[in-house]
S.K.: 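Quick one: this structure, given as structure tokens, is what I'll be asking you about.
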There are 2 protein chains.
Amino acid sequence: MKHSKLTACISLALLISGSALADDQALRDKAARAGLAPLPESAPDPIDNPVTLEKVQLGKALFFEPRLSVSGLISCNTCHNVGMGGDDNMSTSVGHGWQQGPRNAPTVYNSVFNRAQFWDGRAADLKEQAKGPIQAGVEMANKPDHVVATLKSMPEYATWFSAAFPDEADPINFENVVKAIEAFEVKLLTPNAPFDHFMQGVDTAITAEQKEGLALFVDRGCTACHSGVNVGGQNYFPFGLIKRPGADILPPEDKGRFEVTHSASDEYVFRAAPLRNVAVTAPYFHSGQVWDLKQAVGVMGTAQLGLALSDADAGKIAEFLKSLTGVAPQIQYPQLPVETVSTPRPQL
Amino acid sequence: MKHSKLTACISLALLISGSALADDQALRDKAARAGLAPLPESAPDPIDNPVTLEKVQLGKALFFEPRLSVSGLISCNTCHNVGMGGDDNMSTSVGHGWQQGPRNAPTVYNSVFNRAQFWDGRAADLKEQAKGPIQAGVEMANKPDHVVATLKSMPEYATWFSAAFPDEADPINFENVVKAIEAFEVKLLTPNAPFDHFMQGVDTAITAEQKEGLALFVDRGCTACHSGVNVGGQNYFPFGLIKRPGADILPPEDKGRFEVTHSASDEYVFRAAPLRNVAVTAPYFHSGQVWDLKQAVGVMGTAQLGLALSDADAGKIAEFLKSLTGVAPQIQYPQLPVETVSTPRPQL
């Protein structure tokens, strides 16, 4: 190669590179203006539940504790599997007696960043949320008194609850069970997704296609509902704002937040799904009837935005969504307390 | 205290201590002669399945993989919970469709040291064992072809199988699934129980009552069946050798090893239970109908030895058995591969 040609090539490369850099920064700024932000490495303590190491350790044991269910078979981790994106890959979860629940299990990861818990936001926080599945007949089918009796029968739990709630004379109670679970769940974050690194200035953290998808995600209006560090989970919207999806995806009998508020304007209203780790938490929507991420993007375009997204655009947005898959924390499997003769027997 | 009195006290203390030391060594020798031995820190590789780090890592993922079951809900760890002594604290396990299986789930811990697997020894080794529950209709209810199709649908499994079986062109097959599980299970040992430390020369590792219990365990003949590093698991014996227990404990329809060999002499014959971690793996016997360890010891005395053990002696033996609870390995929860659109859906 002649010297002049080489110089020209280098100049051109620098020009393209400089242009790409400028484009990346513009995209980053656009995303930030639309409310997207990197996921923090840690979450603040809940205001009414200071997080201590002892509480987190207890909460971890309880999260993996099948004896929280009346059968002794189902733990939080059964449906919120920390090794599978924090959910169960089921359309709707299977619980006590092999019954299927009414809605898809949301991921436990980063759930502390949601405005409220459950698809209809009926629990204000994670400790309130934890009370639900433990008592639901189709999930763990247990009762608070029975949970407490079970835990009190095992001396190691007495020690662990005393360490987690040192100022309390009788710390094994249902409120403390869910406080400990909340303390553990506050630690279940998945930072350092490629998207986070991109937002933090690493241009190469996401692919060119993902950048195109991110631009579309903002330009087409997805960020109207899916923004914040959790890319959703912040507000309530009617599913089918523009065009109601079919009954397979939006079963008419589940009226969403209406069942909480009994307000007609809340019919078929749901909390916008947080999209962190969405690529590893199929199937989608509260009904769990769509398994393909690109298809789910298409449904959202039609139902919420009134847009018939092209297959190519839906694909690019789906590629961008894959960049929201973060790094799960390392969790050592807990050794659970040993039962005693007074521990209630499994009730199948 | 006067000087002479102090001297006398010290002399007496030394005498007792010296005598106790001699007694401890005698007890240790007696236990060793009866075939009891400390649990090794590691197990040799299976002769036909060299254990590599990659195979163990793959096996761990498969052990925690609910998608090995046709429902996508039940993993090996469901019934062999590594946080609960390696079993499920159920009389008999609950599997596909909430069906109850016929026998109590044995612990996975230290199972590599058993002569054969299952209560009736019908599997020669751990990889043969692993084929059972995956296919049993009342457990994971799956089929080898479906397992392979499921695993092949996830690119990370392709990578992991290639790393674990580097010389094979098409490594995802049912034989390799169970080989990897076996490789992981070979690592599931619980050494460093108090009894092990006692046998290794630490006189204070077990209590005076446990020493009495150990002496009784040998003297009354328990070691005739429960010996070796696993304190059992080595041979087959009729349950009810001297006196058959009631139908609640020995249900007449389950004829044990007879169902494997069809030899009349194998009616109601079972593999002697390995007693490592027995204090944390209630309920007891293949029927799982006895929840109290002391009661189980009493049943064994009557049924196998023709001895009506006193309540005090049964209690001492139960105390000794508690010294067999070892230290479980630290297991980091695996991050399982993400599904693709071609991954078979859960079949409930």
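Heavy atoms only: backbone and side chains are in, while hydrogens, waters and symmetry mates are out. A, B, ... follow the sequence lines: proteins, then strands. Residue 1 opens every chain.
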S.K.: Under 4.5 Å, counting heavy-atom pairs only, tell me which of B:Thr78, B:Asn89, B:Val94 racks up the most with chain A.
M.R.: B:Asn89
S.K.: Out of curiosity, B:Ile74 CD1 to A:Leu73 CG, how far, rounded to the nearest 0.5 Å?
M.R.: 8.0 Å
S.K.: Heavy atoms only, distances under 4.5 angstrom: which of B:Asn77, B:Thr340, B:Ile331 has the most pairs with chain A? Name it, please.
M.R.: B:Ile331
S.K.: Could you walk me through whether A:His96 and B:Trp98 pass side-chain contact (heavy atoms from CB on, under 4.5 Å), step by step?
M.R.: CA-CA 8 Å; A:His96 189 79; B:Trp98 210 256; 3.7 Å; yes
S.K.: Return the minimal non-hydrogen interatomic distance between B:Pro66 and A:Met84, and the atom names on each side.
M.R.: CG-SD, 3.4 Å
S.K.: With a 4.5 angstrom heavy-atom cut-off, which part of A:Ser71 approaches chain B: side chain, backbone, both or neither?
M.R.: both
S.K.: Check whether B:Gln100 gets within reach of chain A through its side chain, its backbone, both or neither, counting any heavy atom under 4.5 Å.
M.R.: side chain
S.K.: Parallel, tilted or perpendicular, judged at 30° and 60°: which one describes the rings of B:Tyr333 and A:Tyr333?
M.R.: parallel
S.K.: Would you mind checking which part of B:Val341 comes under 4.5 Å of any heavy atom in chain A, side chain (CB onward), backbone (N, CA, C, O), both or neither?
M.R.: side chain
S.K.: With a 4.5 angstrom heavy-atom cut-off, could you sort out which part of B:Ala61 is near chain A: side chain, backbone, both or neither?
M.R.: neither
S.K.: Which one wins on heavy-atom pair count under 4.5 Å against chain A: B:Thr281, B:Leu293, B:Val280?
M.R.: B:Val280
S.K.: Is there a donor-acceptor pair closer than 3.5 Å between any side-chain N or O of B:Gln335 and the backbone N or O of A:Val82?
M.R.: yes
S.K.: Relative to chain B, which of A:Asp88, A:Thr343, A:Asn81 shows the most heavy atom pairs under 4.5 Å?
M.R.: A:Asn81
S.K.: Quick check on the interface: out of B:Pro283, B:Gly97, B:Ala282, who has the most heavy-atom pairs with chain A under 4.5 Å?
M.R.: B:Gly97
S.K.: Is A:Gln332 close to B:Gln332 at the side-chain level, that is, under 4.5 Å between some pair of heavy atoms?
M.R.: no
S.K.: Would you indicate whether the side-chain heavy atoms of A:Trp291 and B:Arg345 approach each other to under 4.5 Å?
M.R.: yes
S.K.: Atom CG in A:Leu348, atom OG1 in B:Thr92: separation rounded to 0.5 Å?
M.R.: 8.0 Å
